[in-house]
Amino acid sequence: MSHDQSNNRVVAPCIIDTGIVVNKRDIKRLLFDLGRVRYLHIQDGKIYSEGEGYVLEVFANPHRSTMIANHALYLNVYSFDYLELKQSPEDGAYFDLIQEGRQLRLIPLSNPLQEQVSRNLNAAALDAVVDQVLSGNWDLQLDEDDSQF
C-alpha cells in the first residue's frame with residue numbers, strides 16, 4: 001500500500017482583491033507600501049475618528065503600539081487579529097484591520113505602480129545629474145592640467 005504524500009500537502013492561501021489575512025507577515029507585506037491613506041477608526045459600527053495620513057512604518061512587535069498622530073501612521077500588525085481586504089466601487093481596494101469590536105479602515109490614496117515609476121524616474125534623473133557633475137569635474141581637471149604646461 002503506497003501513501004501519496006501530495007494529498008497531504010498544505011497549499012498556501014491565494015488572495016486576490018478580497019479576502020481575510022491572518023498571517024502577521026502577510027499583513028505586514030500588504031500594508032508596507034500603502035503610502036498616503038484615508039483612515040477611519042470604527043468601534044462597534046460607529047466612526048470615532050477619520051483623517052488622512054502617511055504610513056511611515058509597519059512593524060510586528062507585541063510590545064509596541066499602533067499610533068496615528070500628526071498625519072503619520074505607525075502600524076503594528078500585533079495590534080490587530082486579522083486584516084480584511086475589500087473592494088468598493090468608489091474607493092477601490094481598502095483594508096480593514098480588525099481587533100474585536102474595533103476596526104481601522106485604510107483606504108489607499110496613492111498608487112504603488114505610479115510611485116514606483118516616479119521613484120525610477122527620480123533615480124534616473126539623479127544618475128544623470130551625478131554623471132554630468134562627474135564628467136564636468138573631470139573636464140575641469142583636464143582643463144587645469146592643460147593650463148599647467
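From a predicted model like this one, the values you see are computed outputs, not experimental measurements.
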How about L104 and L40: do any of their side-chain heavy atoms sit closer than 4.5 Å?
no

Do I15 and L97 share a hydrophobic cluster, counting only Ile, Leu, Val, Met, Phe, Trp and Tyr and linking them when any side-chain heavy atoms are less than 4.5 Å apart?
yes

Would you name the heavy atoms of V77 and A60 that are closest together and state the gap between them?
CG2-CB, 3.5 Å

First locate atom CD of E57, then atom CG of L75, and finally report the distance between them rounded to the nearest 0.5 Å.
9.0 Å

Between the OH atom in Y74 and the CZ atom in R64, the distance rounded to the nearest 0.5 Å is 10.0 Å

Residues joined to I98 in its hydrophobic cluster, side chain to side chain under 4.5 Å directly or through other members, sorted by chain and number, are I20, V22, Y82

Which atoms form the tightest heavy-atom contact between H71 and E52, and what is the distance?
ND1-O, 2.9 Å

Looking only at atom types and distance, does a side-chain atom of S110 sit under 3.5 Å from a main-chain N or O of L34, one as donor and one as acceptor?
yes

State, to 0.1 Å, how close R25 and N23 come at their nearest heavy-atom pair, and which atoms those are.
N-OD1, 2.8 Å

With a 4.5 Å limit on heavy-atom distance, are the side chains of F95 and V21 in contact?
no

E50 CD to I42 CD1 distance, which is reported to the nearest 0.5 Å
9.0 Å

D17 CG to Q87 CD distance, which is reported to the nearest 0.5 Å
4.5 Å

Closest approach of F59 to K28 (non-hydrogen atoms, all atoms of both residues):
CA-CE, 4.2 Å

OH of Y94 to CZ of R105: how many Å apart, nearest 0.5 Å?
4.0 Å

What I'd like to find out is whether the side chain of N61 reaches to under 4.5 Å of the side chain of Y78, using heavy atoms alone.
no

Indicate if F32 and L73 have the same hydrophobic cluster label, given that clusters are the connected sets of ILVMFWY residues with side-chain heavy-atom separations under 4.5 angstrom.
no

May I have the step-by-step check of side chain to side chain contact (heavy atoms under 4.5 Å, CB included) for R102 and H41, ending in yes or no?
CA-CA 8 Å; R102 177 187 311 238; H41 173 221; 3.5 Å; yes

Mind checking the CD1-CG spacing from I16 to L85? Nearest 0.5 Å is all I need.
10.5 Å

So, the side chain of S79 versus the backbone of S65: is there a donor-acceptor pair under 3.5 Å, distance only?
no

Within 6.0 Å of CD in E100, more than 12 heavy atoms from elsewhere:
no

For D81 against K24, the heavy-atom pair lying closest together:
O-NZ, 3.7 Å

Can you tell which of L31, I107, L106 makes a side-chain contact (heavy atoms from CB on, under 4.5 Å) with V37?
L106

